[in-house]
Number of protein chains: 2
Amino acid sequence: MSDSNFRITPQRQVILEELRMADSHLTADEVYKMVRARLPRISLGTVYRNLEIFSRLGMIYKLELGGMQKRFDGKTQDHYHLRCLKCGRIEDVPMEPQTMLEESVEALTDYKVLGHRLEFVGLCLTCREQPETQAHKGA
Amino acid sequence: MSDSNFRITPQRQVILEELRMADSHLTADEVYKMVRARLPRISLGTVYRNLEIFSRLGMIYKLELGGMQKRFDGKTQDHYHLRCLKCGRIEDVPMEPQTMLEESVEALTDYKVLGHRLEFVGLCLTCREQPETQAHKGA
DNA sequence: ATAACTGCAAACGTTTTGCCAGCAT
DNA sequence: ATGCTGGCAAAACGTTTGCAGTTAT
C-alpha cells in the first residue's frame, strides 16, 4: 500500500461508518461482528488490515492500553481514558492533555519526550451501585 | 493456590533473585532464559505461573504497557515509565505519582478512581545521537 | 496490464491450561 | 493422605501474513 493510491472500498466504507457510529473503543473483533451484519462475507483479516491502515493514516485512533486487546476509536485527537475494573467499560475523560507532564519529564531525564499515555482505572457508577453483580461486559 | 500456604520453592527463589538483580523490566521470556541458566529444567509455564502469583501478592510489579508484551519489575511501588520509540528501552521516570490527577478525574466523572497508569514515549540520548542506527534492543 | 484489495486459512508470538507425577506437610 | 507445586505439551488468544483470485484503473 503506497498510502496515496488509497481507495475507499465498500468494506472500508462500512468499517469506518461502524467505528464512527459506535460510541467508540471497539475491539477489532467487535468491529468485525458489526461490519459482518452488513457485509456478511468480510473477513477478520480485512478488518485488521484496514484498521491498521486507517490508524496509520490518522483516520482513526488506535488505543493500546495495558494488558488488553487493542481498541479502535473513530475519534482522532488525543485524549485520556478511564476503565472500570469491574465491567471493563472504557470511557473518555473530559480533561485536556497535560502537556506540562511531558515538560517535567524532559527536564528530569535525558530523553526527548514525544508523547504520553495516561489511563485511569476505577469503578463506574453502575458497578459501585451493584456491588455483587457483573453489570455489563465489553466496551 | 490459597495465597496463605505459599511456599518459597527453589524455582520461586531464583525467579525472584533474577528479577531483583536485573535492572528491571524483564519480559517473562527473559526471566525464563536467566532462570534457566541456574535451573536448566524449569519450564516457561512455571515462570509465567509464578510471575502472576508474585504480582498478585504484591511481591513484584507487573507492567502492562500499550501494545507490548508484559514486563515484570522487582520493584513494588508505583512509578511511571518512559519508553524509547526507537530502541524499545524502558526506564523509570524519577517523578512522584501525581495523585492530583486522580482527584481531577474523580471530580470530572462519576467514577470512583482507584489508580492510574502513565507512560511517556520519546527518544533516549543514545538514539538521538545515532540518528541512523538501531542502538540496542529489549529492556 | 497493472496495481490495489479481499477472503481464506495458516502461521505467529505470547500467555494460559490440563494433566500427572513429585514433594512437603 | 492431602494439597501445593513443577514439568511438559497442548490449547487458547489476539493478531499478522501468504497466497490466489477479484476488482478498479
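The figures here come from the full heavy-atom set of this structure, side chains too, leaving out hydrogens, waters and symmetry mates. Lettering follows sequence order; numbering is per chain, from 1.
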Round to a whole Å and report the spacing from [atom1] of [X] to [atom2] of [N].
{"X": "B:L63", "N": "C:dT15", "atom1": "CG", "atom2": "P", "answer": "12 Å"}
{"X": "A:Q11", "N": "C:dA4", "atom1": "CD", "atom2": "C1'", "answer": "12 Å"}
{"X": "A:E30", "N": "D:dC13", "atom1": "CD", "atom2": "C1'", "answer": "15 Å"}
{"X": "A:R71", "N": "D:dG14", "atom1": "CZ", "atom2": "C1'", "answer": "13 Å"}
{"X": "B:E52", "N": "C:dT15", "atom1": "CD", "atom2": "C1'", "answer": "9 Å"}
{"X": "A:Q13", "N": "C:dC5", "atom1": "CD", "atom2": "C1'", "answer": "16 Å"}
{"X": "B:Y32", "N": "C:dT14", "atom1": "OH", "atom2": "P", "answer": "14 Å"}
{"X": "B:F6", "N": "C:dT25", "atom1": "CZ", "atom2": "P", "answer": "14 Å"}

| Which pair of heavy atoms, one from B:K62 and one from B:S55, lies closest together, and at what distance? |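 Shortest heavy-atom contact: CE-OG, 3.7 Å.
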| Rounded to the nearest 0.5 Å, how far does CZ of A:R12 lie from CG of A:L51? |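 One finds 11.0 Å between CG of A:L51 and CZ of A:R12.
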| said: Can you identify which nucleotide, out of D:dG7, D:dG14, C:dC8, has its nearest atom closest to the A:R41 side chain? | reply: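 So the side chain of A:R41 is nearest to C:dC8.
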| Nearest-nucleotide pick for B:R12, side chain only, options being C:dT15, D:dT5, C:dT16 |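 That would be D:dT5.
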| said: Does A:R7 contact C:dC5 through a side-chain donor or acceptor facing the base, at a distance under 3.5 Å? | reply: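 For A:R7, whose side chain was compared with the base of C:dC5, there is no donor-acceptor pair (under 3.5 Å).
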| task | May I ask you to verify whether the side chain of A:R49 and the base of D:dG18 hold a donor-acceptor pair under 3.5 Å? | result |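 Check passes, donor-acceptor contact within cut-off.
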| field | Ring-face cation of A:R56 near A:F54 (centre distance under 6.0 Å, axis angle within 45°) | value |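 No, A:R56 does not sit over the ring of A:F54.
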| task | Look at the rings of A:F120 and B:H116 and say which category their plane angle falls in: under 30° parallel, 30 to 60° tilted, over 60° perpendicular. | result |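 A:F120 and B:H116: tilted rings.
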| message | Using a heavy-atom cut-off of 4.0 Å across all strands, would you classify A:I42 as base, sugar-phosphate, or nothing? | response |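 Sugar-phosphate only.
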| query | What is the nucleic acid contact for A:N50, judged by heavy atoms within less than 4.0 Å: base, sugar-phosphate only, or nothing? | reply |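 Since only primed, P, OP1 and OP2 atoms lie under 4.0 Å of A:N50, the category is sugar-phosphate.
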Give a yes/no answer on whether the side chain of [X] brings an N or O atom under 4.0 Å of OP1 or OP2 in [N].
{"X": "B:T27", "N": "C:dT14", "answer": "no"}
{"X": "B:Y48", "N": "C:dT15", "answer": "yes"}
{"X": "A:T46", "N": "C:dG7", "answer": "yes"}
{"X": "A:K70", "N": "D:dC13", "answer": "no"}

| request: May I ask you to check whether B:F72 and B:H25 place their ring centers less than 6.0 Å from one another? | output: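 When the ring centroids of B:F72 and B:H25 are compared, they turn out to be at least 6.0 Å apart.
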